[in-house]
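Have a look at the structure below, then the notes.
Just follow the structure's listing: the first ligand is 1, and inside any ligand the first atom is 1.
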Amino acid sequence: MDSKVMSSPGEIARVYKELSLYPSLSRADVGPVITSQYGGKYSNIYTEWSQRDLERNENVKFCRQYIVFHDDKSVVYSGASGNCTEIKGEVLSKDSPSGDMKAVVRESSVKGEDKQFLEVWSKNIKMKSINLSALKKHGKVYDDASCYYLTLFGCLVWSHSETHLLYVAEKKRPKAESFFQKSRIYRPAGAGGEQFVFHEDWGEALGDKSCPVLCILDIEGDFVSVLDGLPDDISPGQAFWAPGDTGVVFIGWWHEPFRLGLKYCPNRRSALFYMDLTGGKCEQLSSGKTSVCSPRLSPDQCRIAYLECSVYGPHMQCSKLCMYDWYTKKTSVVVDVIKRPGKDGFTGIYSSQLSPQCWSADSQRIIFACPQRSRKDLLMVDINTGSINSLTAKSDIGSWCLLNIERDLMVVSCSSPNCPPSLWVGFLPGIDSQENVDWVTLEDSEKLQDVDWQILTFTPPSEDDNSQYSNLEFDALLIKPKEVKDEVKLPLIVTPHGGPHSVIVAEWLLSSAVLCRMGFAVLLVNYRGSIGYGEDSIYSLLGNVGTQDVKDVQFAVESVLKSGSIDEQKVAVSGGSHGGFLACHLIGQYPGFYKACVARNPVINMASMIGSTDIPDWCMVEAGFVFNTDCLPDAAEWEKMLNISPIKYVSQVKTPVLLTIGEDDKRVPNKQGIEYYKALKARQIPVRLLWYPGNNHSLSKVDAESDGFMNMVLWMIQHFSD
Ligand SMILES: CSCC[C@H](NC=O)C(=O)N[C@@H](Cc1ccccc1)C(=O)O
């Protein structure tokens, strides 16, 4: 019997609106320990959340504070202190270590012009409001530190002495004048003609970031200085104060011979540097042959932990957790790359950022959240032994995020496909303790009783085994309406993720929850090549995109169909970017199997894309070749890139295709979608293209995302009844 899927646009929009009300957490800060007049100890917890506001067509950011009474080992009492407040105009903010002051970088309009101010607050007084735009020392302050897992360059850091603030901004660019500007004609000092010079940027979503500089505000003296003395060929970011405030430590990315896209690419050549402010010397602390990120100073200020992976190669790789000893100047590897998971089940580190604080109070352990197969767990590493313990593996919650840890008080968020994000705190057990963490909820969320999910594991059939990397398994997440009568068969939406080296973990996924409420089953496939399964799995896909990943997805779908609960005539596929590449491959390689296809900014032709994407290395590496900045693909390499692309199969396509395209996409330029659109039109295959101005690769602006979703489901419903 056919299932009844919700099909009225009004009703679907209502469900979308209802479920998009659940906010997600982007930040949590733990304040200092305060002793109350009755002797009890407590800490304030500041949290930032983000929520879609469909009426205003924007993602709103708001904060809420909580109070946690504790005895340094366990939580005694906790609760919210006050209500939520929307945050407007704040680019960055940070409390001082003592909690006495707060720094804010604020954007504000003065006489119709946008200006940036650096404010210092003390108690209820705004002590300073420095007009950074008027100072003209640098360009805009980098805003990418407002959410730790999105940070690439940005920071706002108090010195230990609380007298200085460190941040990253765009380098001041001299005013460019034409040859014919009046000032030049009368004072022809320079040549002029700089007006139309091209300035490189850091690619997708970083179009306004080109030459970052490190800036320091001397709070007492009201003086901003831009640090010089850094190597000319590196761009600095992720900075913090060295022990004793003797200088600053930062990550430097090489930008010669040209910049490559950085978003989702933690494999760019970079190193840890120390700029000594007493002697003005800049020292390189890591080899410079690798890619490093997320440096974090231990509470005893003796060591810096950071993540490291190789340069080029797959964009997301298994990282090493490294440690630099400030006093012996020695570097050690605390956790190495895992090629194949062993008996303990640990699959390797796949986090691209550590949380703002990640050390235990005794400076002996590091805690981080990390995908482990199809779940995100909290892991704890002992720096002396390298041993790893999961703090959450036994929980039935799908995925965990470490927002922060301070004096062993962890602030985490967790969610599942049927449970929106909730906020919890818990103390890290002592180093020799066998105790489990006693989690206490600060902000609960209600489980969706009508949504069910499970993780399915697949072993590829022997003919599809990878001879170089054999016996690899993969998973898929199946999300379904809970109560389905035995005789009812569900329509299925197959969703392979992008990357390809990424993963879908069992966490709150708005679109899957809405689809499920509407009566669809959703299959999210973590094909071989996904992160979280060991480095061999990632490498197994290089040179095999368009076959191994396509076959894995199809195998997972056909296995699920065998269960008998899915309507085989109502299977659709949807994906973005590399997921769109897979969606378009599937409809080309399995003609007629999928009744509808929706692709967001899909990679259509790797050969035509290599010259225009911000990450040309992706095309070479995924096609199985080595990338060099000075290399030009040879004829055989161009040929392979073409042959493994979805465009090669376009003449076999029978499925109607909806393309959703971001006009400003620098990663998969919009011409890729247009190339496919024309090829399908020429073959009389139903195709519709939605064009989103002002949107980039992620199509994540509130109106683009919601419109894309509505059009996707209506396209599928329309073509299920063809
Ligand atoms: C030259 S485009 C390559 C595909 C793209 N990969 C990297 O950016 C992609 O599939 N993007 C994903 C986003 C993503 C990438 C890597 C890790 C996680 C997510 C997408 O847009 O969904």
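Heavy atoms of E204 found under 4.0 angstrom from ligand 1: none, in either backbone or side chain. For M609, every heavy-atom contact with ligand 1 shorter than 4.0 Å involves the side chain, none the backbone. Heavy atoms of N601 found under 4.0 angstrom from ligand 1: none, in either backbone or side chain.
Between the side chains of T347 and Q372, at least one donor-acceptor pair of N or O atoms lies under 3.5 Å. In this structure, a donor-acceptor pair under 3.5 Å is absent between the side chains of S210 and H199. No hydrogens or angles considered: a donor-acceptor pair under 3.5 Å links the side chains of S540 and Q548.
One distance of note links CD1 of I251 with CH2 of W253; it measures 6.0 Å at 0.5 Å rounding.
The side chain to side chain contact (heavy atoms under 4.5 Å, CB included) test with V494 singles out one residue from V522, L524, V557, and that residue is V557. The side chain to side chain donor-acceptor pair (under 3.5 Å) test with S577 is passed by exactly one of R667, H697, Q672: H697.
Checked against a 3.5 angstrom limit, the closest N/O atoms of G499 and ligand 1 fall inside it. Checking only distances, S502 never comes within under 3.5 Å of ligand 1, N or O to N or O. Close N/O approach between H315 and ligand 1 is not found [any backbone or side-chain N/O within under 3.5 Å]. Considering backbone and side-chain atoms together, H697 places an N or O closer than 3.5 Å to an N or O of ligand 1. Considering backbone and side-chain N/O atoms, R600 comes within less than 3.5 Å of an N/O atom of ligand 1. Considering backbone and side-chain atoms together, R667 places an N or O closer than 3.5 Å to an N or O of ligand 1.
The protein heavy atom nearest to atom 3 (C) of ligand 1 is W618 CE2, 3.2 Å. Atom 13 (C) of ligand 1 has its closest protein heavy atom at Y264 CE1, 3.7 Å. Scanning the protein for heavy atoms near atom 11 (N) of ligand 1, the closest one is S577 OG, 3.1 Å.
Relative orientation of the Y527 and H497 rings is parallel, given thresholds of 30° and 60° on the angle between their planes.
In this structure, the side chain of K666 does not engage the main chain of G207 through any donor-acceptor pair within 3.5 Å.
Here the two rings, on F627 and W618, have centers that are 6.0 Å apart or farther. Less than 6.0 angstrom separates the ring centroid of Y649 from the ring centroid of H585.
Annotation for ligand 1: atoms under 4.0 Å from non-hydrogen atoms of G498 are 10 (O). Every atom of ligand 1 with a heavy atom of I615 under 4.0 Å away is listed here by number and element: 1 (C). Against a heavy-atom cut-off of under 4.0 Å, V668 is close to the following atoms of ligand 1: 2 (S). Those atoms of ligand 1 that come under 4.0 Å of a heavy atom in M316, given as number and element, are 17 (C). Residue H578 approaches ligand 1 through these ligand atoms, each under 4.0 Å from one of its heavy atoms: 4 (C), 9 (C), 10 (O).
Salt-bridge annotation for E507 and R375: absent, with no side-chain N of the basic residue lying under 4.0 Å from a carboxylate O of the acidic one.
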